[in-house]
Structures are given as C-alpha cells and as structure tokens.
**Q** 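Below is a structure I'd like to ask you about.
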Amino acid sequence: MRKSRRRQGGKAAAVEPAREKIAGPSDKINIPTDLLRTFVAIYQLGSFTRAAHLFELTQPAVSAHMKKLESLIGADLIERNVAGVNLTACGEEVLKYARRILLINDQIVSSASVQRTLPIIRLGIPNIFAAFKLKRILAECPGTVGESRLQICCDHSPGLLRSIGSGYLDLAFVMSDQEEVSSRLRSWSEDLVWVRAPDFAFDPDRPVPLVSSPNVLLPDRIAMDALEQANQSYEIVFTAFDSLARRSAAMAGLGYLPLPRPLVPDGLVIERPGILPALAPVTIDIIAREELDTGSLTALIDSVEH
C-alpha cells in the first residue's frame with residue numbers, strides 16, 4: 001500500500017497511518033495478583049489469620065496487602081468494626097472480578113508451563129468423610145484423573161463451598177442445605193444418626209449432652225433442630241473443628257455426636273430408637289466450579305459417589 005505524502009519544508013514527507021495510543025505506566029493502575037489472591041483467601045477462609053497461615057505470611061503482612069489493595073482501588077473492601085469478614089458493596093464487586101482475574105492468570109501459567117506438567121484437578125472432601133472416602137478414591141484414581149493430576153483438600157462443607165465459588169477447587173462433595181447449592185452434578189441422601197460411647201448412659205432428667213463443631217455444621221444444626229422441635233433441652237459439652245477430636249470426645253463418653261450412618265466408626269454405637277428424636281437425613285451433593293469440563297472426570301465422580 002502506498003503512503004500518502006505532503007510537502008514539509010520543501011520536501012515530500014511520508015504521512016504515517018494513525019496508530020492506537022498505548023497506555024503507559026502512568027495512565028493505568030495495575031493491581032498485583034498477589035493482593036487479589038490475599039483478598040479472595042481472606043473472604044474464603046473468613047479470617048486474616050487463616051489467610052496468613054495459607055500463604056505462610058504474618059498477619060501484619062496480610063493486613064498490609066489489604067491496605068495496599070484498598071489504596072489502589074480507592075475504596076474499603078471489608079467492613080470494619082464487625083465480627084468476621086463482611087464485604088462492602090465495592091468489596092462484593094471486586095471479589096467477582098478478582099476471581100475471574102486469578103482464574104485467567106492460573107490458566108495462562110498452566111498453559112505456558114515450560115515443564116509441560118499435567119494440569120491439576122483439585123478435589124474437596126468434607127473432613128468427616130476423609131477416612132471413609134479417601135481409600136476408595138485413591139484406589140480408583142491413583143494420583144491421576146485422565147490427563148490431570150489429582151490434589152485433595154479436606155475442609156468443612158461451608159469452606160468447600162466457598163473454595164468452589166472462588167475457584168480454588170475444581171470439584172467437591174459437600175453436605176448442604178438444598179438452598180446452599182444451586183447446581184449439582186450428583187446428589188443423594190444419607191441417614192443421620194445419634195452415636196455415643198458403648199458405656200454412655202443418658203439421663204433423661206438432664207439436658208442432652210452434645211459434641212459439636214464451633215461453626216455448627218449441618219449435622220449439628222439438624223440435631224439441634226430435632227431436639228428443639230421435641231421440646232428437649234440440650235447443652236454443648238465439647239466443641240472442636242477437628243472431626244477426629246469430636247469422635248474422640250464421643251468415644252470418651254462426653255455425649256452424643258450426630259453422624260451420617262456410613263461414617264459411624266468402631267468404638268461408637270448408634271443410639272436405640274425412641275431415646276432421642278429421629279434425625280432428618282443429610283443431603284450430599286457433588287458440585288463443580290463454573291466452566292469446568294467434567295467430561296473426563298466420570299471415574300473420579302463415580303469414586304466419590306459410591
């Protein structure tokens with residue numbers, strides 16, 4: 001293509017075609033992905049301290065990340081002077097975009113890896129199901145799933161739901177209320193039962209002693225609802241995030257622990273019908289993060305369900 005020419009100082013000068021202006025460093029604000037990753041982790045884990053543990057940082061370093069991010073954006077993202085981690089309206093919007101940015105970032109890094117490593121499928125399992133499910137999953141999917149490597153994360157179901165929503169997990173199975181899960185790959189029910197130590201004797205003239213998680217997981221809520229509907233008083237005598245600690249407390253004879261029937265371990269027995277109110281079954285759902293192609297994951301999903 002011939003360039004047009006114009007006269008300039010007696011000489012013909014080439015007229016360059018117009019080019020789109022490229023924004024320089026002073027024109028745009030670039031937000032480091034590590035700040036966004038810290039922000040998403042704080043929301044996902046519900047704590048600055050837990051996010052610090054995840055990234056092996058100090059809590060002041062995590063707080064500094066948040067201050068820097070809010071300074072770059074020019075707005076508060078987390079409400080101050082409230083319990084837990086509550087996002088501002090701006091924080092809700094930034095969270096949605098941060099998740100997309102981090103997902104794209106991780107996809108770019110994965111696809112451009114010089115080492116040509118296999119992609120990773122991250123599976124989430126509720127803590128109390130670990131002993132029951134891990135052996136079967138690893139027997140049927142020993143380290144790989146199709147063309148992907150398998151990584152497994154254990155957490156309570158609310159944490160797994162947040163991890164799926166934030167893109168930290170690809171696949172998870174969770175105990176959930178129906179309204180907590182909008183879309184599911186598979187779903188089934190398990191009977192929930194009262195378990196106790198073999199030598200534990202319940203005194204009907206006293207409140208029902210309960211072993212519970214501090215964040216009141218779904219089995220805990222179902223058990224408490226059943227007792228309240230039966231006008232039966234109860235008291236929480238032991239709490240622990242660790243499911244093994246809760247089982248140990250029940251085995252020690254501290255009180256009752258509500259568990260899905262398949263998870264009742266040796267050393268605990270199911271209470272006879274009629275002693276305590278019957279418990280509603282618990283729903284188990286297998287869920288996947290948005291845009292995940294599950295076509296090659298059938299074997300993994302089958303091993304989780306069965």
**Q** Mind checking side chain to side chain donor-acceptor pair (under 3.5 Å) for Gln59 and listing every partner two or more places apart, or none if nothing turns up?
**A**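 Side chain to side chain donor-acceptor pair (under 3.5 Å) check on Gln59 returns Thr49.
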
**Q** Does some side-chain heavy atom of Ile42 sit less than 4.5 Å from a side-chain heavy atom of His65?
**A**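 They are not in contact (no side-chain heavy atoms under 4.5 Å apart), so the answer is no.
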
**Q** Keeping to residues at least two apart or across chains, list the side-chain hydrogen bond (donor to acceptor under 3.5 Å, both in side chains) pairs with something in residues 68-78.
**A**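 Checked against side-chain hydrogen bond (donor to acceptor under 3.5 Å, both in side chains) - neighbours excluded - the pairs reaching residues 68-78 are Glu70-Arg80.
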
**Q** Over all heavy atoms of both residues, which pair between Ser63 and Phe48 is shortest? Give the atoms and the distance, please.
**A**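 That closest heavy-atom pairing would be OG-CD2, 3.8 Å.
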
**Q** Could you check if a side-chain atom of Leu35 sits within less than 4.5 angstrom of a side-chain atom of Thr38, using non-hydrogen atoms only?
**A**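 With C-beta onward as the side chain, the pair stays apart.
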
**Q** Side chain to side chain donor-acceptor pair (under 3.5 Å) with Ser157: which residues, sequence neighbours excluded?
**A**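 Checked Ser157 against side chain to side chain donor-acceptor pair (under 3.5 Å); zero matches.
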
**Q** Grouping I, L, V, M, F, W and Y whenever their side-chain heavy atoms are under 4.5 Å apart, do Phe39 and Tyr97 come out in a common cluster?
**A**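 No, no single cluster joins them.
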
**Q** Side chains of residues 247-266: which donor-acceptor pairs under 3.5 Å do they make with residues two or more places apart or in other chains?
**A**
residue: Arg247; atom: NH2; partner: Ile128; partner atom: O; Å: 2.8
residue: Ser248; atom: OG; partner: Leu244; partner atom: O; Å: 2.9
residue: Tyr256; atom: OH; partner: Glu271; partner atom: OE2; Å: 2.5

**Q** For a quick test of your reading: what N or O donor-acceptor pairs under 3.5 Å do the side chains of residues 224-234 make, sequence neighbours left out?
**A**
residue: Glu228; atom: OE2; partner: Tyr234; partner atom: OH; Å: 2.9

**Q** How far apart are the C-alpha atoms of Lys96 and Glu93, what are their side-chain angles, what is the distance that settles it, and do they pass the side chain to side chain contact (heavy atoms under 4.5 Å, CB included) test?
**A** CA-CA 5 Å; Lys96 291 189 295 185; Glu93 288 298 310; 3.1 Å; yes

**Q** Tell me the closest heavy-atom pair linking Pro209 and Val237, and the distance in Å.
**A**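 Closest heavy-atom pair between Pro209 and Val237: CB-CG1, 3.7 Å.
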
**Q** How close do Arg37 and Phe55 get, counting heavy atoms only, and between which atoms?
**A**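 In terms of heavy atoms, the two residues are closest at O-CZ, 3.7 Å.
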
**Q** Using side chain to side chain donor-acceptor pair (under 3.5 Å) as the criterion, list what pairs up with Ser163, not counting sequence neighbours.
**A**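 For Ser163, the residues satisfying side chain to side chain donor-acceptor pair (under 3.5 Å) (neighbours in sequence not counted) are Gln44.
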
**Q** If every non-hydrogen atom of Ile222 is compared with every non-hydrogen atom of Leu279, which pair is closest and at what distance?
**A**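 Between these two residues, the closest heavy atoms are O-CD2, 4.1 Å.
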
**Q** For Tyr43 versus Val85, what's the shortest heavy-atom pair and its separation?
**A**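 Scanning both residues, the minimum pair turns out to be CA-CG1, 4.2 Å.
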
**Q** Please answer whether the main-chain N or O of Asp155 pairs with a side-chain N or O of Asn127 as donor and acceptor at a distance below 3.5 Å.
**A**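 Answer holds: yes.
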
**Q** Under the side chain to side chain contact (heavy atoms under 4.5 Å, CB included) test against Ile287, which residue among Leu161, Leu160, Leu292, Leu185 passes?
**A**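 Going through the options one by one, the only one that passes is Leu161.
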
**Q** Identify the heavy atoms of Ser187 and Thr283 that sit nearest to each other, and give their distance.
**A**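 Looking at all heavy atoms of both residues, the shortest contact is OG-CG2, 3.7 Å.
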
